[in-house]
Amino acid sequence: MTSFLGEYDPAVDALERAEALFLDARRRTEEFLATLGHEMRSPLSALSTALQVWSMAKEDPAQMEELRSIMERQVRQLVHLSDDLLDVARIAQGRLELHREPVGLEELIEAACEQVRPFIDGRGHALTVRMPAEPLVVYGDPSRLLQVFANLIQNAAKFTNRNGSLCVTVEPQDGMAVVRVRDNGPGIEEHMLPSIFEPFTQVAETRGLENDGVGIGLRLVKTIVELHGGAVVARSEGLGCGSEFTVQLPVTKDAPGNQQPATEQPAATRHEGNGNGNGQRPRADRIDVVEDGHAG
């Protein structure tokens, strides 16, 4: 950048770059607050309406049960939003803690699918899960890893038009457990991929879809995965080609529930930085269709 004398002035250049960063941060914050307000307004509006109808439905047990279900679902959505916001704050303050133990990936994926099942069912998606023949165990915080996979599966469901297809694949690869979450949604443009895990980032082409979120879930996913010594990447062939998120985590030979792992790793890790029911494991070629519903 040149000064008024026509000479390059590094101080002026640094000032203008700082101003540009400040303006971009302010824009992101304003967009985030507007989106947060929208995300909170929807469940709060549903809760308000359900409460108003509740007083008139006392003689109708079936309607009261339906209203209770609605309120429970909306409260769950608000709690999830609140938890994500608190986690973002913990990350910024360097206070996100992990309590690690050996945990089986199959159990985590099953739990994540069950957690997101109502949302997937509501949008009429078909979800396919492919698991390896042999168990894969990772050393990590079960609740945080569940958060990662539930977040990725729900994101895929959110950003895929109704009656779409989702697929979760788990496989071993070079000492790592690789989990892929794919969808046939609108996809992600190439220029957005480098910033997709940045806080408050939303893909413009997906705005307007139902439940487009506040743009913090993927940031949490990235941070939690990296704290486990893993990595997460996003891929897409472009608009109309769907997207794939791949998580890699180190595997361990320890059995799930073993509180003294053979590998010397701390039981708790503190983040310091800036801001199928029968007990039988499916075969490698088995495809489990978890849900193939239709929108109601």
Side-chain angles (χ1 to χ4, degrees), residues 80 103-138 140 142 145-174 176-188 193 196 203 205-206 209-213 217-218 221 224-225 230-249 251 256 276-296:
H80 177 75
V103 56
L105 266 183
E106 180 178 346
E107 290 74 18
L108 282 175
I109 299 300
E110 287 179 349
C113 290
E114 287 304 310
Q115 181 172 312
V116 187
R117 182 188 294 270
F119 187 82
I120 294 172
D121 180 58
R123 294 187 60 82
H125 295 321
L127 173 61
T128 302
V129 179
R130 296 186 176 99
M131 298 296 300
E134 298 299 324
L136 285 176
V137 179
V138 297
L145 291 177
L146 174 60
Q147 185 178 5
V148 165
F149 299 125
N151 206 317
L152 289 176
I153 297 169
Q154 180 155 323
N155 260 20
K158 281 183 180 180
F159 301 119
T160 299
N161 293 322
R162 289 182 174 274
N163 305 313
S165 297
L166 315 177
C167 181
V168 180
T169 303
V170 183
E171 60 185 355
Q173 189 177 89
D174 300 327
M176 305 289 283
V178 180
V179 182
R180 294 184 173 90
V181 180
R182 297 194 300 274
D183 63 67
N184 66 341
I188 305 170
L193 289 173
I196 198 69
V203 180
E205 290 76 10
T206 65
L209 288 175
E210 298 175 57
N211 303 293
D212 49 7
L218 290 180
V221 165
I224 293 170
V225 169
V232 55
V233 295
R235 295 186 179 88
S236 178
E237 297 299 322
L239 294 182
C241 298
S243 58
E244 177 182 276
F245 287 81
T246 303
V247 174
Q248 293 184 328
L249 292 168
V251 298
N276 62 22
N278 58 8
Q280 296 178 349
R281 187 167 302 275
R283 295 164 54 88
D285 56 354
R286 173 176 173 176
I287 299 176
D288 293 335
V289 178
V290 178
E291 190 62 57
D292 187 3
H294 299 282

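All values below come from the heavy atoms of this structure, side chains included, with hydrogens, waters and symmetry mates left out.
Annotation: the span from Phe245 atom CZ to Ile188 atom CD1 amounts to 4.0 Å, rounded to 0.5 Å. If you take CZ on Arg235 and OG on Ser243, they are separated by 12.0 Å, rounding to the nearest 0.5 Å. In this structure, CG on Leu108 lies 5.5 Å from CG on Leu145, to the nearest 0.5 angstrom. Of the inter-residue distances, the one linking Leu146 atom CG with Glu114 atom CD reads 11.5 Å to the nearest 0.5 angstrom. Taking CG of Asn161 as the reference point, atom CG of Asn184 lies at 8.5 Å (rounded to 0.5 Å). For the atom pair Cys167 SG and Ile153 CD1, the distance stands at 10.5 Å (nearest 0.5 Å).
Nearest heavy atom pair, residue Val251 against residue Ala177, reads CG1-N, 3.5 Å. Residues Gly140 and Pro142 approach most closely at O-CD, 3.3 Å, considering heavy atoms. Minimum heavy-atom separation, Ala231 to Val225: N-CG1, 3.3 Å.
Considering only heavy atoms from C-beta on, Asn151 stays 4.5 Å or farther from Val116 through its side chain. Taking 4.5 Å as the limit, every side-chain heavy atom of Gln115 sits out of range of all side-chain heavy atoms of Gln154. Using a 4.5 Å cut-off on side-chain heavy atoms (C-beta onward), Glu110 and Met131 make no contact. Under the 4.5 Å side-chain criterion, counting only non-hydrogen atoms from C-beta, Phe119 is not in contact with His125.
Of the candidates Val168, Val221, Val181, Leu105, Leu105 is the only one forming a side-chain contact (heavy atoms from CB on, under 4.5 Å) with Phe149.
A donor-acceptor contact shorter than 3.5 Å is absent between the side chain of Arg182 and the backbone of Gly242.
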Practice item. I would like to know whether Leu249 and Val179 meet side chain to side chain contact (heavy atoms under 4.5 Å, CB included); could you show each step before the answer? Key: CA-CA 8 Å; Leu249 292 168; Val179 182; 5.8 Å; no
**Study point:** Derivation of the side chain to side chain contact (heavy atoms under 4.5 Å, CB included) call for Thr169 and Thr128
**Key:** CA-CA 8 Å; Thr169 303; Thr128 302; over 6 Å; no
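By the 6.0 Å contact criterion, CD on Glu237 is open, its count of non-hydrogen atoms from other residues, nucleotides or ligands being 12 or less.
Take Pro172 and apply the side chain to side chain contact (heavy atoms under 4.5 Å, CB included) test, not counting sequence neighbours, and it matches Pro132, Leu136.
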